[in-house]
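Each remark here refers to the structure printed beneath this line.
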Amino acid sequence: MDSPMRLSRYFLPLLKENPSEAQIVSHRLMLRTGMIRQEAAGIYAWLPLGLKVLKKVEKIVEEEMARAGAIQLLMPTLQLADLWRESGRYEDYGQEMLRIKDRHEREMLYGPTNEEMITEIFRGTVKSYKDLPLNLYHIQWKFRDEQRPRFGVMRGREFLMKDAYSFDIDEASARKAYNRMFVAYLNTFGRMGLKAVPMRADTGPIGGDLSHEFIILADTGESAVFCHRDLVDMPTPGNDVDWDDLQGIVDGRTSLYAATEEMHNPDDFAAVPADKQLSARGIEVGHIFYFGEKYSKPMKAVVNGPEGEITVHMGSYGVGVSRLLGAIIEASHDEAGIIWPESVAPFDVGLINLRAGDEACDAACEKAYKALAAAGREVLYDDRDDRPGAKFASMDLIGIPWQLIIGPKGLAEGKVEIKNRATGERHTADFDEVLAQLTKAKA
RNA sequence: CGGGGCGUAGCGCAGCCUGGUAGCGCGUCUGCUUCGGGAGCAGAAGGCCGGAGGUUCGAAUCCUCUCGCCCCGACCA
């Protein structure tokens with residue numbers, strides 16, 4: 001990790017003006033802050049700042065998956081068409097699937113998802129019911145050839161997705177696997193400063209109640225959602241839970257009304273007390289699904305049990321990792337720019353030298369820069385020879401949680417200023433005092 | 001995939017209707033003055049006007065085709 005960085009040597013192509021193609025705030029801000037750059041419709045290059053945040057989001061997802069007992073692997077982006085013929089989806093998937101032929105005219109595809117492949121891996125390696133339950137996941141780039149990509153990374157064609165797949169001996173056990181992902185998702189999104197509401201989703205031909213979309217409320221969300229207001233501010237379960245029995249937690253979240261437009265039932269919604277009814281717009285950042293034997297049966301994913309062969313029950317659990325960046329920005333910004341939650345911020349502290357070239361300012365900034373770096377803080381030091389106003393604007397735009405502002409006037413009295421990006425609160429204090437505060441262990 | 005729109009300097013745009021030396025703002029570069037919320041002055045660089053055909057003495061401008069991108073709708077992590 002390239003923690004401390006001088007802005008003069010960084011690659012951060014900021015835009016002062018709004019690119020005309022960006023319609024929603026997260027897209028605009030991601031372009032303006034030099035996080036991403038569009039290379040084709042719905043396809044983006046991730047520039048250093050964007051990549052840093054992407055990695056942080058990814059890491060939180062990985063940590064929470066591990067806590068829930070899921071095991072990481074990595075499947076390829078390209079898959080053989082024959083694999084998809086086994087499940088019948090090669091024909092079903094339609095134009096959204098990007099189909100490719102290699103030099104031998106073999107039919108291949110750029111994976112839009114991995115149910116078939118994980119099932120193939122499972123059936124070739126797991127033979128005994130004693131190896132269950134099992135949850136395997138990966139974080140990989142996917143491609144869906146959307147008819148109309150839009151909103152930047154929120155609805156791209158190429159996107160980074162975490163997809164987990166659970167294998168269980170029966171439906172009861174699969175439900176436990178489902179609950180583990182349910183709770184893991186609440187914790188994952190909570191750590192990113194998001195209030196995610198699980199909402200009943202369409203289970204398609206499988207039926208049952210085991211599919212939920214995790215929705216972030218935001219005015220620019222793509223779908224209309226309806227829910228009980230109390231769901232929005234429920235605390236996340238945290239890690240101190242009994243991973244073998246999560247039904248109570250799940251029931252607590254699913255007993256109140258919550259549905260997206262497709263699943264909305266106005267009569268049931270009317271039963272929610274009027275002051276608790278919330279109709280809003282939302283962004284889908286996760287989707288969990290139990291689909292039983294849909295793939296295991298046609299693809300013959302079976303294990304040996306005490307009384308013979310058992311076709312495994314499966315579920316899949318997706319998180320739109322790249323989309324989350326858009327969602328976080330939608331949920332956390334103001335007129336000046338992005339306001340990163342500390343957990344995913346590209347840097348912890350933005351150090352502003354108000355008078356680059358001034359001996360005292362340079363020296364004080366160097367001292368702060370080194371002290372912060374030594375304390376493990378990720379610092380972005382604006383050492384450019386630019387005017388204060390430009391530096392403030394840049395730092396507000398990219399949304400680093402804390403700004404340490406060092407200028408000649410304050411420094412003459414041994415004072416520096418510290419500003420909280422989220423609250424706008426700023427106070428002046430002794431240089432050493434502020435340094436001590438910022439180099440304390442992370443809360 | 002239906003409907004609409006736009007491609008002119010890194011970004012935002014004007015010029016096109018009515019063909020005749022390619023412009024403006026921001027950014028970039030040089031110098032000087034500035035310096036606590038996107039500075040001022042002076043100078044400079046940067047364009048096969050998305051591409052290909054055509055009409056014309058002459059095309060950014062008119063015609064045809066093509067590629068790309070955006071928006072609205074229907075569909076999706």
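The sequence lines fix the lettering, A, B, ..., with proteins before strands; numbering per chain opens at 1. Only a predicted model underlies this, so the values are computations on that prediction, with no experimental measurement involved.
If you take atom C1' in B:G31 and the same atom in B:C67, they sit 45 Å apart, rounded to whole Å. Spacing of C1' atoms, B:C24 relative to B:U8, comes out at 12 Å, to the nearest Å. If you take atom C1' in B:G50 and the same atom in B:G7, they sit 6 Å apart, rounded to whole Å. On the C1' atoms, B:G5 is 23 Å away from B:A9, given to the nearest whole Å. For the C1' atom pair drawn from B:G2 and B:A59, the interatomic distance equals 34 Å after rounding to whole Å. Taking the P atoms as reference points, B:C62 lies 31 Å from B:G73, given to the whole Å. One P atom belongs to B:G25, the other to B:A45, and the distance between them is 15 Å to the nearest Å. Using atom P as the reference point in both B:G46 and B:G23, the two lie 13 Å apart (nearest Å).
Atoms CD1 (A:Ile283) and C1' (B:C76) sit 15 Å apart, rounded to a whole Å. Distance, A:Gln95 CD to B:C76 P: 15 Å, rounded to whole Å. The CG atom of A:Leu15 sits 14 Å away from the C1' atom of B:G38 (whole-angstrom rounding). Distance, A:Glu213 CD to B:C75 P: 14 Å, rounded to whole Å. Regarding A:Met181, its CE atom lies at a distance of 18 Å from the P atom of B:A77, rounded to whole Å. Between A:Glu335 atom CD and B:G38 atom C1' the separation is 16 Å, expressed in whole Å. In this structure, A:Glu262 places its CD atom 8 Å from P of B:C76, rounding to the nearest Å. Put simply, CG on A:Asp145 is 16 Å from P on B:A77, counting in whole angstrom units.
Under the ring-ring contact (aromatic ring centres under 6.0 Å, His included) test applied with A:Phe347, the options A:Tyr381, A:Tyr10, A:Tyr369 reduce to a single match, A:Tyr10.
Among the heavy atoms of the strands lying under 4.0 Å from A:Gly156 is at least one base atom, whether or not backbone atoms are also near. At a threshold of 4.0 angstrom between heavy atoms, the contacts of A:Glu284 are confined to the sugar-phosphate backbone, with no base atom among them. Residue-level contact check: A:Ser394 touches the bases, meaning some heavy atom is under 4.0 Å from a base atom. Looking at heavy-atom distances under 4.0 Å, A:Asp396 makes contact with a base.
The nucleotide B:A44 finds its pairing partner in B:U28, both defining distances of the Watson-Crick or G-U wobble pair being shorter than 3.5 Å. Across all strands shown, B:G7 pairs with B:C67; the Watson-Crick or G-U wobble distances both stay below 3.5 Å. Here B:G73 sits opposite B:C1 as a Watson-Crick or G-U wobble pair (both hydrogen-bonding atom distances under 3.5 Å). Taking a pair to require two hydrogen-bonding distances under 3.5 Å in either a Watson-Crick or a G-U wobble arrangement, B:C57 pairs with B:G20. Remark: B:A39 base-pairs with B:U33; criterion is Watson-Crick or G-U wobble with both hydrogen-bond distances under 3.5 Å. Across the strands present, B:C49 finds no partner; the criterion is a Watson-Crick or G-U wobble pair with both atom distances under 3.5 angstrom.
Between A:Lys142 and A:Asp163 a salt bridge is recorded (basic side-chain N to carboxylate O distance below 4.0 Å). Ion pairing between a basic and an acidic side chain is recognised when a charged N comes within 4.0 Å of a carboxylate O; A:Lys162 and A:Glu62 show no such pairing. The pair A:Asp334-A:Arg421 meets the salt-bridge criterion, since a charged nitrogen lies less than 4.0 angstrom from a carboxylate oxygen. Between A:Arg89 and A:Glu115 there is a salt bridge, with a side-chain nitrogen of the basic residue lying less than 4.0 Å from a carboxylate oxygen of the acidic one.
Contacts between residues 110-117 of chain A and RNA chain B, defined by a heavy-atom separation below 4.0 Å, involve no residue at all.
Open room surrounds CD on A:Glu359; 12 or fewer heavy atoms of other groups in view lie less than 6.0 Å from it.
Scanning for side-chain contact (heavy atoms from CB on, under 4.5 Å) contacts around A:Asn265 gives A:Tyr257, A:Asp267, A:Asp268, with sequence neighbours left out. Considering only residues two or more places apart in sequence or on other chains, A:Glu91 meets the salt bridge (Lys or Arg N to Asp or Glu O under 4.0 Å) condition with A:Arg85.
Taking the ring axis of A:Phe189 as reference, the NZ or CZ atom of A:Lys195 does not stay both within 45° of it and closer than 6.0 Å to the ring centre.
Within the structure, no pair that satisfies the salt bridge (charged side-chain N to carboxylate O under 4.0 Å, His left out) test touches residues 12-31 of chain A, not counting sequence neighbours.
Judged by distance alone, with hydrogens and angles left aside, A:Glu17 brings no side-chain donor or acceptor close enough to the base of B:G27 to form a pair under 3.5 Å.
If A:Lys16 and A:Leu160 are placed on RNA chain B by their nearest nucleotide, the residue sitting closer to the 5' end is A:Lys16. Each of A:Ala393 and A:Glu146 was assigned the nucleotide of RNA chain B with the nearest heavy atom; the assignment lying further toward the 5' end belongs to A:Ala393.
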Quick tally for nucleotides 69-74 of chain B: nucleotides whose base has a protein heavy atom under 4.0 Å get B, sugar-phosphate-only ones S, the rest -, giving SSBBBB
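Taking the six-membered ring wherever Trp is involved, the centroid distance between the rings of A:Tyr290 and A:Tyr178 does not fall below 6.0 Å. A ring-centre distance under 6.0 Å is not found for A:Trp141 and A:Phe159. You'll find the ring centres of A:Phe214 and A:Phe182 inside the 6.0 Å limit.
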Collect all protein-nucleotide pairs involving nucleotides 29-36 of chain B in which both atoms are nitrogen or oxygen and the distance is under 3.5 Å.
from: B:U34; atom 1: O2; to: A:Arg387; atom 2: NH1; distance (Å): 2.6
from: B:C35; atom 1: O2'; to: A:Arg355; atom 2: NE; distance (Å): 3.1
from: B:C35; atom 1: O2'; to: A:Arg355; atom 2: NH2; distance (Å): 3.1
from: B:G36; atom 1: N2; to: A:Glu417; atom 2: OE1; distance (Å): 2.3
from: B:G36; atom 1: N2; to: A:Glu417; atom 2: OE2; distance (Å): 3.3

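The backbone N or O of A:Thr439 sits nowhere less than 3.5 Å from a side-chain atom of A:Arg377 that would complete a donor-acceptor pair.
At the phosphate of B:A77, neither OP1 nor OP2 sits under 4.0 Å from any side-chain N or O atom of A:Lys142.
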